A.B. asks: 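Shown below is the structure under consideration.
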4 protein chains.
Amino acid sequence: MAGSVNKVILIGNVGADPEIRRTQDGRPIANLRIATSETWRDRNSGERREKTEWHTVVVFNEGLCKVVEQYVKKGAKLYIEGQLQTRKWQDQQGQDRYSTEVVLQGFNSTLTMLDGRGEGGASSSGGRGSSSDFGGGSNSGDDYGAPSQPSGRSSGGGGNFSRDLDDDIPF
Amino acid sequence: MAGSVNKVILIGNVGADPEIRRTQDGRPIANLRIATSETWRDRNSGERREKTEWHTVVVFNEGLCKVVEQYVKKGAKLYIEGQLQTRKWQDQQGQDRYSTEVVLQGFNSTLTMLDGRGEGGASSSGGRGSSSDFGGGSNSGDDYGAPSQPSGRSSGGGGNFSRDLDDDIPF
Amino acid sequence: MAGSVNKVILIGNVGADPEIRRTQDGRPIANLRIATSETWRDRNSGERREKTEWHTVVVFNEGLCKVVEQYVKKGAKLYIEGQLQTRKWQDQQGQDRYSTEVVLQGFNSTLTMLDGRGEGGASSSGGRGSSSDFGGGSNSGDDYGAPSQPSGRSSGGGGNFSRDLDDDIPF
Amino acid sequence: MAGSVNKVILIGNVGADPEIRRTQDGRPIANLRIATSETWRDRNSGERREKTEWHTVVVFNEGLCKVVEQYVKKGAKLYIEGQLQTRKWQDQQGQDRYSTEVVLQGFNSTLTMLDGRGEGGASSSGGRGSSSDFGGGSNSGDDYGAPSQPSGRSSGGGGNFSRDLDDDIPF
DNA sequence: TTTT
DNA sequence: TTTT
């Protein structure tokens, strides 16, 4: 279907230290549980109430997995941009079950640390080995005023990690 | 938890005519199934591939329910802004089951029709009984240049419907 | 035009203590400058580089203005959801000038504090004079499992403030 | 600054056929004007009112520029995801002027066609010449259920074009 | 299971 | 300058 968008944006806290698994061919997958909550004052009683929602976030991106592994701990506040995916599986009785997760996999996926935790590292978001162009020199000569750097990517302590920068930033 | 965000943005097509239920006290609830999909070309085979994701959308807002009831049909392309909620229920064996849905309930929820369908109506996004006033005069005298109308709300055929005019809150 | 969306999402730091003006009829307007920045490693030199972008945010909502007034100080980290607006004005030479701002005015506007600053207050997002009720009883009897509270709104120290409880709309 | 987000999401119509320029080193830059609008009913007069906002969108991404060049015409309805940038320039009197634009440049930038226009093409979003991996084979052996394709990218007629796929889809 |  |  042409013209489709599937985007989830979360800001919340990590409920437990992340779990990192590996696929058979060695690719990492990180699992996070993130809590978002809303508070309001009850109309009748006037009491303050709160409802917490728990989200399962699955990070398939190698670079973001490294970030998660190094910096994300229980309690960390994160900004997450990913997409909704529902996975089908069978329970022990052989019945179909479905789990809906927020997946950080492709482009347009982002994970940003919003508190001071995890700072000090120089890590960035991964990359598939090969470097590639971007930003810097490639825009030189640009007479339009185009910024000579990429956007949406960043690195460094406590930073902003996009799936993106992947291959353009050699480590 | 302070400082939390839970937002889902979808653009996709409705898989079937919506289903409208009513609560015991007469409030409508609309259920929609929305498909988003991505296509890409396989790296190895070069074939075009597509993956469709189905989302369950639940509309608790009375105004948006009216919009859904009147205008949204199978095949309609919608822009949806809501939030993720996971609901726990028991299956027939008494086992806990969980369903994750995109809920349009509070403020910051939006449903916009992106194709021509549903046009011609004068319906709007609900409203507390009637009024459906807005902006206009209330800003007169504003010396700042503030637009004299609200934003984020609208009405009219094939239009943009926000939860805003929240009709489920009796004053 | 039916089916239109105009949304800006920012997470950044406030550059200076906010400025609150008032319209002739006493409505508050808050102005904020918010910095977002990206860092990346230069492809060629390998140096770490950073680019900061400054955004002008204008808050027309009375409730959010109160929040800004009470809690938002220079350096605060905010989540902002608003819309783009370009305002035309004349400079001293009588020439047309344009300023583009992120406006928090209608529904779907949000301002959330992401750091601890501003905590301890009981303030909420405004509200039509007082009340600041919500959800609660109005959903009782709901046989669907609909949460009995609103979403997207909240209050409390350091909290999450939506335009919702729109106090500038006299009923 | 760590932990920063700068995101603009627009759905609107293109006001005129796009303009494509080229930098000195041959990179394309597309300029679009996109209209978003809101309609509402005036509280006092009951009249239907509308306000249109015009946005300048600048596409630095080569792949997205191709898409724009081939498919985007006056009147097209687009979904745009980019970021805010304010550019400083001097007018003829040598005075500083500022223009704020929605820039599609880095990752996390998207342009999707929401109407039927432009269909039939097989084009996708560009790429910097070199191909690269993605999806497909690289996930084979994945025992986790990870989808074996990327997300956020797509191509094809009337389709969804992300900055992303750039280098993985050889043309 | 987080956070306030 | 779009669109409804």
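Note that this is a predicted model, so its numbers are computed, not measured. Below, chain A is the first sequence line, B the second, and so on; all start at residue 1.
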A.B. asks: Looking only at N and O atoms, is any donor in the side chain of T52(A) or the base of dT2(E) less than 3.5 Å from an acceptor on the other one?
C.D. replies: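 Check passes, donor-acceptor contact within cut-off.
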A.B. asks: Whole angstrom is fine here: how far is it from CD in E38(D) over to C1' in dT3(F)?
C.D. replies: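 Checked: the CD to C1' distance equals 14 Å.
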A.B. asks: What is the distance, rounded to the nearest whole Å, between atom CZ of R48(D) and atom C1' of dT4(F)?
C.D. replies: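 Nearest whole value for this atom pair: 7 Å.
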A.B. asks: From CG of L10(A) over to P of dT1(E), roughly how many Å is that when rounded to an integer?
C.D. replies: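 Whole-Å distance recorded here is 21 Å.
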A.B. asks: Rounded to whole angstrom units, what separation is found between the CD atom of E47(A) and the P atom of dT4(E)?
C.D. replies: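 My rounded result for the distance is 22 Å.
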A.B. asks: Can you name the side chain to side chain contact (heavy atoms under 4.5 Å, CB included) partners of T56(A), sequence neighbours left out?
C.D. replies: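 Side chain to side chain contact (heavy atoms under 4.5 Å, CB included) check on T56(A) returns N31(A), R33(A), V58(A), E101(A).
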A.B. asks: Using whole Å, report how far CG of D115(B) lies from P of dT3(F).
C.D. replies: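 The answer, rounded to whole Å, is 16 Å.
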A.B. asks: To the nearest Å, how far apart are K73(D) NZ and dT3(F) C1'?
C.D. replies: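 Rounded to the whole Å, the gap is 18 Å.
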A.B. asks: Taking atom P of dT2(E) as reference, at what distance in whole Å does atom NZ of K77(A) sit?
C.D. replies: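 One finds 15 Å between P of dT2(E) and NZ of K77(A), rounded.
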A.B. asks: Is W54(D) stacked on the base of dT2(F), with ring centres under 5.5 Å apart and planes under 30° apart?
C.D. replies: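 Check failed, W54(D) does not stack on base of dT2(F).
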A.B. asks: For the pair E81(B) and K7(C), find out whether any cationic side-chain nitrogen is under 4.0 Å from an anionic carboxylate oxygen.
C.D. replies: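 Judged by the 4.0 Å cut-off on N to carboxylate O distance, E81(B) and K7(C) do form a salt bridge.
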A.B. asks: Any salt bridge between E47(A) and R49(A), counting N to O under 4.0 Å?
C.D. replies: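 Here E47(A) does not pair with R49(A) in a salt bridge, since their nearest N and O are not under 4.0 Å apart.
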A.B. asks: Any idea which of dT1(F), dT3(E), dT4(F) is nearest the E50(D) side chain?
C.D. replies: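 Shortest atom-to-atom distance from the side chain points to dT4(F).
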A.B. asks: Can you tell me the distance, in whole Å, between the CG atom of L114(A) and the C1' atom of dT2(E)?
C.D. replies: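 In whole Å, dT2(E) C1' lies 14 Å from L114(A) CG.
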A.B. asks: Which residues pass the side chain to side chain contact (heavy atoms under 4.5 Å, CB included) test with D91(D), sequence neighbours left out?
C.D. replies: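 If we apply the side chain to side chain contact (heavy atoms under 4.5 Å, CB included) test to D91(D), skipping adjacent residues, the hits are Q95(C), W89(D), Q93(D), Q95(D), R97(D).
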A.B. asks: Name the closest nucleotide to the N13(D) side chain, picking from dT1(E), dT2(E), dT2(F).
C.D. replies: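 Of dT1(E), dT2(E), dT2(F), dT2(F) is nearest to the side chain of N13(D).
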